[in-house]
Number of protein chains: 2
Amino acid sequence: MATIKDVAYKAGLSVTTVSRYLNNHPYISEDKKEKIKNAMEALDYVPSALATQLRSNRGTTIGVLVSRLTNPYFAYLVDAIEKKAKEQGYRLLIMQTYGDKQEEINTLDMLKEKTISGLIMCAVENDLDIVESYTKYGSIVVSTQTDYKSDLLHFITTNQEQATYDAINFLIDKGYTGIAYSTGGDFTEQSHGRHRNKGYLKALETSGMDLNERWIFRNNHTIEDGMQIATELSRLNETDRPDAIFAGSDEVAIGIIQKFEELGIHVPSDIAVMGFDNQPFSSLAKIPLTTVAQPMETLGQQAASLIISTIEETEFTVDPSKLQLKIIERESA
Amino acid sequence: MATIKDVAYKAGLSVTTVSRYLNNHPYISEDKKEKIKNAMEALDYVPSALATQLRSNRGTTIGVLVSRLTNPYFAYLVDAIEKKAKEQGYRLLIMQTYGDKQEEINTLDMLKEKTISGLIMCAVENDLDIVESYTKYGSIVVSTQTDYKSDLLHFITTNQEQATYDAINFLIDKGYTGIAYSTGGDFTEQSHGRHRNKGYLKALETSGMDLNERWIFRNNHTIEDGMQIATELSRLNETDRPDAIFAGSDEVAIGIIQKFEELGIHVPSDIAVMGFDNQPFSSLAKIPLTTVAQPMETLGQQAASLIISTIEETEFTVDPSKLQLKIIERESA
DNA sequence: GTGAAAGCGCTAACAT
DNA sequence: ATGTTAGCGCTTTCAC
């Protein structure tokens, strides 16, 4: 592989001049430019990104951390980030945690290694003060809702609490009076999905409804989990049955509907089901899903713009107006 | 950030010894090991992957090129690659082409830059002789079926022709006598999907069926494309209508079915529809899709193992027996 | 077993 | 406008 030295020699110039050419430094005469360009082509030269980074201390790789890529929410997010990053000359290193705290630490360590100049965390497993301590090694953008305040971390999030509040009210406005709730977490103050829980609780309170412990389902993520919920729901005493369920995930919602159908329970007339995410298949299901759409495209774009601006120390202001969640009404509720 | 020099100083040793410790070189006394370990911890030291790569010329990043991540086929593939790569101490740089030849070249150039030590191409846009010319800069694994022969390129592919042949025969065995065909390419010898085309043509020939030009649909990828196909099909003269269509993609198949339903044409009794990919939503559709499942998991695993073995110059033999495509029979055909 | 020193390919003062 | 030179943080002979 040709190096900058070979190019300099071939062009009859010093490496400095070639380096300047590479960095479009001003003050470099046209004829030398021409010579350098020719030499580079003749030698099939491509600068070593490695050496450049080591020396200049500015990298061009952004890390992106997700739970799992096969979740369409993350796939669409990463897709949007990749497009925006490429546009600005950055590349993406993708890491999956699969819910593992240590994997997240390993990824954060890449900031120390200088493998990545910045990290976009689309999911976070460890406490944010741990994450925050890594900001001294590189820029970090967090894209999950949180109450954590920090001058070092950058946030770009949607309002999950408000969206859930709106979704529950949507059901209430449609006349449903008993609304069950499924969450991916354990329904505690620190769990995953705690902001959605708050929205649910607040909506019940606003409408003067009581929380029914038997209508709360925890740690649900998959279609199978949804089927399990439907089974449990169907076993409840007639008088103790909800007439709607907010599933908190399209997969779970689909599972619930599928099982209800098997059991001869009709959606939405017997019981309404509402999802979350508006995944691509949601409109294609047997009973098209009423759900909450997340703005993955703009979320990803803005996350990319934000991390790049912090890396390059330029200005970028997040525009929350484009980060609204939206209720998509179809047939399941 | 602490460097190897700081660690050496703190441990009262030379950088050489510390470097040896880092590379688990033999011949290094236990007490020094202990000292080094302590010094590293005290200084919160993490080696700069950048410097290591520059000096030693062996990197630990693998590039992965896909068309688009939001296609579940690629998402599952990348997921499998990521898991296997992580296991072996490698990271993934993801690039999307969106069908653009130049993007593919840009990605190949990363091999020259030394940004990546190897590249897994899950899709390829340029001619393989161009791709092949890049093997002098790094290992390349190609994961699409091809007739191209090369000692430099590494292939890990499924037999799309055979799978299509089997799928068409599956339809024929079920008694369908007129089988329409949709492809993502333009149905020529060089187009995307040419191996599947061959399988289709061969199956027709084996069964003594004629190719009907009006039953061939080109450049279809999306649900909307599928709907368009259904519309066109419904306009055909009664006597000139196929009783089955092989859609070549689950999205297209879903679109076809959706439109047929609107038009009051019943699947599969009026016309059968078969997809390709077995995407997650395929079993959840209104009419669960009969389709061909691709072995993304093992494909991804083996692609990762293969590229790592070529990077590290160890042995790895692809096991084609685990790379079989499989017909999944559901209700649409 | 351990260390001194050269150098991977590039950038950035500092000169001129 | 162009060149000289000293490193970035690490690995790797070669010497002892």
Side-chain angles (χ1 to χ4, degrees), chain A residues 1-37 39-40 43-61 109-117 137-138 312, chain B residues 1-37 39-40 43-61 109-117 137-138 312:
Chain A
M1 284 281 353
T3 73
I4 196 173
K5 221 166 149 182
D6 302 326
V7 175
Y9 180 80
K10 182 126 192 166
L13 294 164
S14 74
V15 287
T16 311
T17 312
V18 180
S19 171
R20 288 203 175 107
Y21 174 86
L22 249 21
N23 299 282
N24 349 282
H25 190 94
Y27 308 131
I28 168 166
S29 61
E30 286 306 322
D31 56 325
K32 315 264 160 174
K33 275 190 192 169
E34 193 59 29
K35 272 187 189 162
I36 294 173
K37 199 169 137 236
M40 284 183 175
L43 295 169
D44 192 24
Y45 170 79
V46 175
S48 157
L50 233 44
T52 308
Q53 277 177 235
L54 178 60
R55 182 61 238 239
S56 69
N57 215 14
R58 48 186 148 69
T60 162
T61 304
D109 277 337
M110 299 190 354
L111 249 12
K112 289 192 199 170
E113 284 176 10
K114 298 275 173 220
T115 307
I116 53 177
S117 311
Y137 307 116
E312 298 181 348
Chain B
M1 282 280 355
T3 74
I4 196 174
K5 221 168 152 182
D6 302 326
V7 174
Y9 179 80
K10 181 127 194 163
L13 295 164
S14 74
V15 287
T16 312
T17 311
V18 179
S19 171
R20 288 202 175 107
Y21 175 85
L22 249 21
N23 298 282
N24 353 282
H25 192 94
Y27 308 132
I28 169 167
S29 61
E30 286 305 322
D31 55 324
K32 316 263 162 177
K33 274 189 193 169
E34 193 60 27
K35 273 187 189 161
I36 294 173
K37 202 171 135 233
M40 284 183 175
L43 295 168
D44 190 24
Y45 171 78
V46 175
S48 155
L50 232 44
T52 308
Q53 276 177 237
L54 177 60
R55 183 59 236 242
S56 69
N57 215 16
R58 49 187 145 70
T60 164
T61 303
D109 277 338
M110 299 190 353
L111 249 15
K112 289 194 199 170
E113 285 176 8
K114 298 277 174 220
T115 308
I116 54 177
S117 311
Y137 308 115
E312 299 181 346

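Lettering of chains follows the sequences in order, A, B, ..., and the numbering in each one begins at 1. The figures that follow rest on heavy atoms only: side chains count, while hydrogens, waters and symmetry mates do not.
Residues forming a side-chain contact (heavy atoms from CB on, under 4.5 Å) with A:Asp109 (at least two apart in sequence, or on another chain): A:Ile105, A:Lys112, A:Tyr134. Scored by the side chain to side chain donor-acceptor pair (under 3.5 Å) test, A:Thr52 finds no partners at all (sequence neighbours excluded). In this view, A:Lys33 and A:Glu30 satisfy the salt bridge (Lys or Arg N to Asp or Glu O under 4.0 Å) rule, not counting sequence neighbours. Taking the side-chain contact (heavy atoms from CB on, under 4.5 Å) definition, one finds that B:Ser117 meets it with B:Ile311, sequence neighbours left out. Listed by chain and residue number, A:Ala49, A:Arg91, B:Leu93, B:Met110, B:Glu113 satisfy the side-chain contact (heavy atoms from CB on, under 4.5 Å) test with B:Thr115 (two or more places apart in sequence, or in another chain). Remark: B:Tyr137 pairs with A:Asp44 by the side chain to side chain donor-acceptor pair (under 3.5 Å) rule, at least two apart or across chains. For B:Arg55, there are no side-chain contact (heavy atoms from CB on, under 4.5 Å) partners, not counting sequence neighbours.
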Give each protein N/O atom lying under 3.5 Å from an N/O atom of nucleotides 6-9 of chain C, with the pair distance.
unit_1 : atom_1 : unit_2  : atom_2 : d
C:dG7  : N2     : B:Arg55 : NE     : 3.3
C:dG7  : N2     : B:Arg55 : NH1    : 2.7
C:dG7  : N3     : B:Arg55 : NH1    : 2.9

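When side chains are defined from C-beta on, A:Leu22 counts as touching A:Tyr45, because their heavy atoms get closer than 4.5 Å.
Heavy-atom distances under 4.0 Å link DNA chain D to A:Leu13, A:Ser14, A:Thr16, A:Thr17, A:Arg20 of residues 9-21 of chain A, given in residue order. DNA chain D is contacted by A:Ser29, A:Lys32 of residues 29-37 of chain A, taking any non-hydrogen atom closer than 4.0 Å.
Taking atom CD on A:Gln53 and atom C1' on C:dC10, their separation rounds to 11 Å, with Å as the unit.
In the 5' to 3' direction, nucleotides of DNA chain D lying under 4.0 Å from heavy atoms of chain B begin and end at D:dG9 to D:dC14.
A pairwise comparison of heavy atoms in A:Lys114 and A:Gln53 identifies O-NE2, 4.0 Å as the closest pair.
Between the side chains of A:Ser14 and A:Thr17, a donor-acceptor pair is found at a separation under 3.5 Å.
Pairs of residues two or more places apart, or lying in two chains, never qualify as salt bridge (charged side-chain N to carboxylate O under 4.0 Å, His left out) while including a residue from residues 7-16 of chain B.
Using a 4.0 Å heavy-atom distance criterion, A:Asn23 is classed as a sugar-phosphate-only contact.
A:Ile116 CD1 to A:Leu111 CG: the interatomic distance, rounded to the nearest 0.5 Å, is 4.5 Å. Interatomic distance, A:Glu34 CD to A:Ser29 OG, rounded to the nearest 0.5 Å: 11.0 Å.
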